Amino acid sequence: MNKGTTGNGDGGTAVAEPPREKLTKKAITADHPTWCPGCGDFAVLAAFYKVLEKRNLEHEKIVTLAGIGCSSRFPYFVNGHGAHYIHGRAVPLASGISLARPDLHVFLFGGDGDGFSIGGNHLDHGARKNINMTYFIMDNFVYGLTKKQTSPTSPIGFKSKTDPTGAIDQPVNPMKKLISAGATFIARTHATQVKHMMEMIDRAFDHQGFSVIECLSECVEFFPDVFDPADPKKGGSFEVIQEKKWDNTPEDELRHDVTDELAAYKLAQLPFPGVFGVFYQSDRPTKNALEKKWIQSSREKTGNASDLEILQKTFDRMK
Amino acid sequence: MSERPDTAAQTAAPNGERADLRPENIQDAVIRLAGNSQDGIQTAGAFLARLAGRSDHDVMTYMTIPSTISGGPSIFQVRIGSGEVLSAGDEADFLVAFYQHSYQDHIDFLREGGVLLYDSDNVEPNLDDKRFFYVGVPITGLTIEALGGTARDKGKNIFVLGLIAKIFNLDVDKLKKLITEKFASKDESIVNTALMAFQAGYAYPVGNVLAKHYRFEHIPRPSGRAQITMDGNQALAYGLIAGGVRYGAGYPITPWSSVMETLRRELPKYGGIFVQAEDELASVSIALGCSYSGYLAVTGSAGPGISLKAEAIGWASMAEIPLIVCNIQRGGPSTGLPTNVEQSDLHQAIFGSHGDSPRVVLAPSSVEDCFYIAIEAARIARKYSTPVFILSDTSLATRIEAFDEPDLSKLMVNPKPDLTPRQTFKPYPIDQITQHVPPGTRILDGKYPLLAGLEHDEMGHPTGSPKLHMAMTAKRRNKLRKLAEEIPVPEVYGDQEGDMLLAGWGSTYGPIHDAVAMARENGEKVGALHLRHLHPLPNGLEKIFEKFKRIVTVEMNDQGVYGFGQLATILRARYCEPKITSFTKTDGLTFRVKEILDGVFKGKSFAARHIPREGAAIVHAGTAPENVKSTREVVPQGVG
Ligand SMILES: Cc1ncc(C[n+]2csc(CCOP(=O)(O)OP(=O)(O)O)c2C)c(N)n1
Ligand code: SF4
Ligand SMILES: [Mg+2]
């Protein structure tokens, strides 16, 4: 197999590398989104396009991935390499890609059900292992695709098809869950606040490690208006976390230290709609880096032998 | 011992005269060590197996593992032969009993005229039973004495190894070298202690009670290649590495764990990573991520874990991603018999997911074949962009065999993804076999592929079109038909036509072939057919079936509601052939040759009990183009 993963189908024709053009919105736009008009997820897509355009990433290195849900349709609307996987398991899928191919930009999109319920365990372990990826969760407090069942973030009292008299189970607090699981970049934003959303994506992308953004993204169909309390245009207030500038001013004393886990936890306790911005960030080494280190030392121990030489040596010991 | 020496019958009476050991050439011996697993009988047995491999003998081991963590009664059986050894042996020629329970539980496995070597400090055999020869040695006491009276009997296993070395005239230098190598990484005193125990066993005047010692005849192996000795899970792991697999993920479960342990340890040397995932769903997903990224990856488990991976395997089938899934089968369902053997996951492998989700299923027939089938699985997964199952089982996983060292220079596959830019790319061309193009590949017309779990068009865009779903379902199925064309028709062993064809798959290869050899010695017209490719089946089997009056599959699974084993059910569905039946069992143990003969020739008793050895070489004919023997189209290829 000299030609990598080649099969015998229509691989198109292999050609020499032509020069690159700047990445444009047009180049990365695929199918027209199938979301309901007014769905919060449109704004997320628009913000994502803008960040990609601004960063002018190499087109073929952008990988968008998702599980299942309305929000998880995302990869279909981005023209780039990508995969639409199964419900709740996109974090491990992305982990495999991230570990095997550090040259790629791994973006993951999904909903609250996908990420906090069926995929909740994977979220914890991706965070704990600190696998490098950017994970954007469109939290609408409801199951959209399956048409209005209670989600793990639905507030108590929410009337859904599975809780006709109102939800009774304590919802997940995504920020708390992520802090305790060990995610190394944790942020919260709101789909109506495009500039803030872009800033969060930008910073999450820059972060080396497991970066997660929870974005309140309204399901106009099954849970309308729920995020108005955080939308200034609808009479709410969008309260942004003031991060420490380390400028030795008295004001700075009051600002949030993003490396302080306990402080982040306290912010996460604030009542709905809470605050927005970066809750926590740490430069703990990634699994990618730790595995790479082990590979390097293992390779050195073999004297950087060829694959054939290493296996032959192993077999010689079994004679 | 196939050369049935009139053992020390007269002269070996426990109080007999001291006689010098007379050598006697033998071709085949089954030695069963019975004790507790914490006594290290596996270690002693493994030394014997390694030595046999190094000395150009054929060897096969068989062991039972207690399912309790603290250990417990267990056996390790080694069969050493001058010539091809296919099964671990129905009966022991030589039983070593460490405890009274070992003696009681295993004396019935000793053949008449066999030798019981027992620890006279712990075992009181019934010496009135005149079927056997008795050699009592105070193993515990002598070991403690030899090791300086530490009152610890650790080392009994190596003491016994010394005894066996003496009795079977084994190559002491090679054994000492193996012992030294084994403990080399440990404290020097450990090596010395082991060698002292060995020497003490070897020096014991066993000639006082046994008149003969045995010498394995040396028959040079036809290949002239050196032999390597390992268990099936090691062979599988190294086969994957040779096949170019550099990434994978798994979750521990018996008997799969040792594959993942080997890969976790070895892959970094090759620049790869094996991830221990949080669960089975994550491990298949991580492996799919690696495969998607361009590095063919492996995941594996035993039945319970494969059940959890089933949804993701359906996605791999739909999205057409190469993937290797190993199932080291054990007794099921549920936690079942976790340390026993069963072949009850064949249907799960072929069908287990949801929807119509074609995938390839292969099964290795021996430890050696675990190595080669892994390489073939990797080749098929890439070429057909499909999940490929490797169905091994507990007995293959844990048994040790010696086999010809593979020619790695011809076998090693380059694992690197091909990222050459392409002008255009369609991930799902309807009338062609999908080829996976990993991310990082520039597509110059600017249209990038999306790999989709939703039904899709040729570019991967979702579609609800019934016509497309029909066409794509057919496309995914037809690539397996295409594969069937390049699978060689397996060779029939024994009679090429006759009264009965025994068909099998997986680890039953050895006992089925031995059963056929023995039945033929007794005048039966019988052949054996062993399938390594279970889904799709090779084309042309019907031509073989035509030549036999009955076809009986021999399987370690239940006959099911309709009375047929899992392979028989598939063959009956495929060939609509009522003469296909099955002989199945679910006792969690490997087939004994006699059991197969009793099962398929009900009521017959065979006089000759010799198993001729010639002609039973395992054929590793894979689906490599040069091995393609039949390109006959049995099934139409159209979309429909
Ligand atoms: C294994 C499995 N279980 C259930 C479903 C059905 N299902 C699809 S999406 C979904 C919930 C989606 O909710 P969320 O993740 O919050 O996404 P949203 O649609 O709200 O964006 C469910 C239950 C499925 N596709 N797969
Ligand atoms: S159902 Fe809700 S979440 Fe889904 S697309 Fe419509 S508005 Fe968006
Ligand atoms: Mg939701």
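Hydrogens, waters and symmetry mates play no part in the numbers below; they use all other heavy atoms, side chains included. If you're wondering where the values come from, they're calculated on a predicted model, not measured in any experiment. Every chain is numbered from 1, with letters handed out A, B, ... down the list of sequences.
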Output yes when a side-chain donor or acceptor of B:Tyr270 lies under 3.5 Å from a complementary backbone atom of A:Leu311, and no otherwise. yes
*For the pair A:Glu291 and B:Arg264, find out whether any cationic side-chain nitrogen is under 4.0 Å from an anionic carboxylate oxygen.*
yes
> Side-chain contact, heavy-atom cut-off 4.5 Å: B:Tyr448 with A:Ile62?
Replying inline: no
| said: Could you tell me if the side chain of B:Val275 sits less than 4.5 Å from the side chain of A:Lys287, heavy atoms only? | reply: yes
In this structure, OG of A:Ser298 is separated from CZ of B:Arg265 (nearest 0.5 Å) by 11.0 Å
- Query: Would B:Ser285 and A:Tyr85 satisfy side-chain hydrogen bond (donor to acceptor under 3.5 Å, both in side chains), going step by step from the backbone distance to the final call?
  - Reply: CA-CA 9 Å; B:Ser285 302; A:Tyr85 193 45; 2.8 Å; yes
When the 4.5 angstrom heavy-atom criterion is applied to A:Lys301 and chain B, the contacting part is neither
**Asked** Should A:Ile295 and B:Ile273 count as side-chain neighbours, where that means a heavy-atom distance under 4.5 Å?
**Response** yes
So NZ of A:Lys319 and CE of B:Met230: to nearest 0.5 Å the spacing works out to 10.5 Å
Between A:Asp307 and B:Arg246, does any NZ, NE, NH1 or NH2 come within less than 4.0 Å of an OD or OE carboxylate oxygen? yes
One should read off an interatomic distance between A:Glu60 CD and B:Arg442 CZ, to the nearest 0.5 angstrom, of 5.5 Å
Quiz item: Are the side chain of A:His81 and the backbone N or O of B:Thr441 linked by a donor-acceptor pair below 3.5 Å?
Solution: yes
When rounded to the nearest 0.5 Å, the distance separating CG of B:Leu288 from CZ of A:Arg89 is 12.5 Å
Per-residue tally against chain B (heavy atom, under 4.5 Å) across A:Val63, A:Thr302, A:Ile86 peaks at A:Ile86
Ignoring hydrogens and angles, tell me if any N or O in the side chain of A:Arg101 forms a donor-acceptor pair with the backbone of B:Pro439 under 3.5 Å. yes
Checklist entry - Are any of the side-chain heavy atoms of B:Thr229 and A:Met318 separated by less than 4.5 Å? => result no
Between the OH atom in B:Tyr292 and the CD1 atom in A:Ile97, the distance rounded to the nearest 0.5 Å is 6.0 Å
